[in-house]
Number of protein chains: 2
Amino acid sequence: MTMENNELRKAGLKVTLPRVKILQMLDQADQRHMSAEDVYKSLMEAGEDVGLATVYRVLTQFEAAGLVERHNFDGGHAVFELADSGHHDHMVDVDSGEVIEFCDPEIERRQREIVKEHGFELVDHNLVLYIRKPKKKD
Amino acid sequence: MTMENNELRKAGLKVTLPRVKILQMLDQADQRHMSAEDVYKSLMEAGEDVGLATVYRVLTQFEAAGLVERHNFDGGHAVFELADSGHHDHMVDVDSGEVIEFCDPEIERRQREIVKEHGFELVDHNLVLYIRKPKKKD
DNA sequence: ATGAATGCAAAAACTTTGCATGACG
DNA sequence: CGTCATGCAAAGTTTTTGCATTCAT
């Protein structure tokens, strides 16, 4: 029994071919953050015949099951990433598009403090730092 | 000459009725964060006949001119806010949709530190805390 | 007057849904 | 085998675009 099957069972999801293939794709693809369209096209290129609607449905189920995280970066379309490693935030190089992951305990702690000071509890958060390599002249 | 006209001129935008009305609406509306649809409906209710396409176009121009900021909170549609006050981040109540603005110097400072440690400079950032009123039982 | 801005409608981009068929347990 | 998942196509949302007309300078 494969790794993916176990993940799906643990999540309470029936082990179907599309689900396994999508999970594998998220795990193996070069890019860690993929849109539904990205996943769909990658599957097609790999010769896997999965409908785009199924990709959307499965990704949504994966999100509900905690297997993936959905991010709403700038640009109108959602991207998904495997929730295998722990929590982290993102830096995006505005020139190259490169994405760097990081996690800073100080910021995380301060976020919870701020929310608490306002009488709320923190459900989730989204932090993206847009960065660039320093240039001598701009 | 009104305040709005000056803003538009400074931004290098021709002073047209739709632009003035949209800018006024963003300034006067009860909600500080409005979607294009919000702005459009408010204008209609106010008896101002502006096309939805124009609202989108004008808001995009305003963003390019630095008059407004566009935010991609969760939920598929962008919201815009007047860029009149200084920088701040946002808390969004996931139950009510209420938006609270805040600015925390400690987080701001730490962001710059982290970026610097990675050999980059900070161009911009986007922080949204998704929050909820605590409940005794969930 | 002349070039830019607008309104409308059509289209594009992204995502969800209905329903008949097919696959998992 | 019964039920849930899938595929396809159609519809829903949000946003953009083409084009004739109107408006600002």
Side-chain angles (χ1 to χ4, degrees), chain A residues 1-2 4-25 33-44 47-65 67-80, chain B residues 1-2 4-25 33-44 46-65 67-80 97:
Chain A
M1 167 176 308
T2 74
E4 282 79 17
N5 291 13
N6 258 325
E7 295 292 331
L8 290 172
R9 277 189 225 289
K10 279 197 298 181
L13 293 170
K14 196 183 280 187
V15 178
T16 65
L17 204 56
R19 285 180 183 158
V20 173
K21 291 301 176 189
I22 292 171
L23 200 48
Q24 287 180 345
M25 188 55 68
H33 304 83
M34 305 181 79
S35 68
E37 194 77 32
D38 289 337
V39 173
Y40 173 70
K41 281 191 288 194
S42 300
L43 287 171
M44 297 309 267
E48 303 293 345
D49 209 341
V50 176
L52 177 57
T54 299
V55 173
Y56 274 104
R57 270 187 296 233
V58 168
L59 287 174
T60 301
Q61 293 159 351
F62 283 2
E63 184 195 14
L67 289 177
V68 308
E69 282 182 14
R70 180 196 303 253
H71 299 290
N72 293 291
F73 295 159
D74 288 1
H77 63 287
V79 296
F80 299 82
Chain B
M1 170 175 303
T2 75
E4 281 79 17
N5 291 13
N6 257 325
E7 295 291 330
L8 290 173
R9 277 189 224 287
K10 278 196 299 182
L13 293 171
K14 196 181 281 187
V15 177
T16 66
L17 205 55
R19 285 179 182 159
V20 173
K21 292 301 176 190
I22 291 171
L23 199 48
Q24 287 180 344
M25 188 56 68
H33 303 81
M34 305 180 78
S35 68
E37 193 77 31
D38 290 337
V39 173
Y40 173 71
K41 281 191 289 193
S42 301
L43 287 171
M44 296 310 265
E48 303 293 345
D49 209 345
V50 176
L52 178 56
T54 299
V55 173
Y56 274 103
R57 272 188 293 232
V58 168
L59 286 174
T60 301
Q61 293 161 350
F62 283 2
E63 184 195 12
L67 289 177
V68 307
E69 284 183 12
R70 179 195 303 251
H71 299 292
N72 292 290
F73 297 157
D74 285 4
H77 63 285
V79 296
F80 299 82

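Predicted model only: the values in this text are computed from it and were never measured. The chains referred to below are lettered A, B, ... by the order of the sequence lines, with proteins before strands, and numbering in each begins at 1.
A residue-by-residue look at L17(B) and A78(B) shows that A78(B) has its nearest nucleotide of DNA chain D further toward the 5' end. When each of E37(B) and K14(B) is assigned the nucleotide of DNA chain D with its nearest heavy atom, E37(B) is the one assigned upstream, toward the 5' end.
Considering only side-chain atoms of R57(B), the nucleotide from dA5(C), dT17(D), dG7(D) that sits closest is dT17(D). Here the nucleotide nearest the side chain of T16(A), chosen from dG7(D), dT6(D), dT14(D), is dT6(D). The L52(A) side chain lies nearest to dT15(C) when the options are dG7(D), dC8(C), dT15(C). Each of dT25(D), dG25(C), dT15(D) was ranked by its minimum atom distance to the side chain of H77(B); first place goes to dT15(D).
Rounding to whole angstrom units, CZ of residue R19(A) and P of dC24(C) are separated by 11 Å. When rounded to the nearest whole Å, the span between CG of L8(B) and P of dC23(D) equals 18 Å. To the nearest angstrom, C1' of dT21(C) lies 15 Å from CG of D49(A). Atom NZ of K21(A) is separated from atom C1' of dT6(D) by 16 Å (rounded to the nearest Å). Taking atom CG on D38(A) and atom C1' on dA13(C), their separation rounds to 14 Å, with Å as the unit. Atom CZ of R9(B) is separated from atom P of dA5(C) by 14 Å (rounded to the nearest Å). To the nearest angstrom, P of dA9(C) lies 10 Å from OH of Y40(B). To the nearest angstrom, C1' of dC14(C) lies 11 Å from CZ of F80(A).
Put simply, Y56(B) has no side-chain N or O that comes within less than 4.0 Å of OP1 or OP2 on dT16(D). Considering only side-chain N and O atoms, R70(B) lies nowhere under 4.0 angstrom from the phosphate OP1 or OP2 of dT15(D).
Under 3.5 Å, the side chains of R70(B) and T60(B) contain a donor-acceptor pair of N or O atoms. For the residue pair N72(B) / N72(A), no side-chain donor-acceptor distance below 3.5 Å is found, with atom types taken as modelled.
Side-chain atoms of T54(A) do not come within 3.5 Å of backbone N or O of V50(A) as any donor-acceptor pair. Between the side chain of R19(A) and the backbone N or O of K14(A) there is at least one donor-acceptor pair closer than 3.5 Å.
Residue A36(B) is classed as having no contact, given no heavy-atom separation below 4.0 Å to the nucleic acid.
If you take CD1 on I22(B) and CG on L17(B), they are separated by 10.0 Å, rounding to the nearest 0.5 Å.
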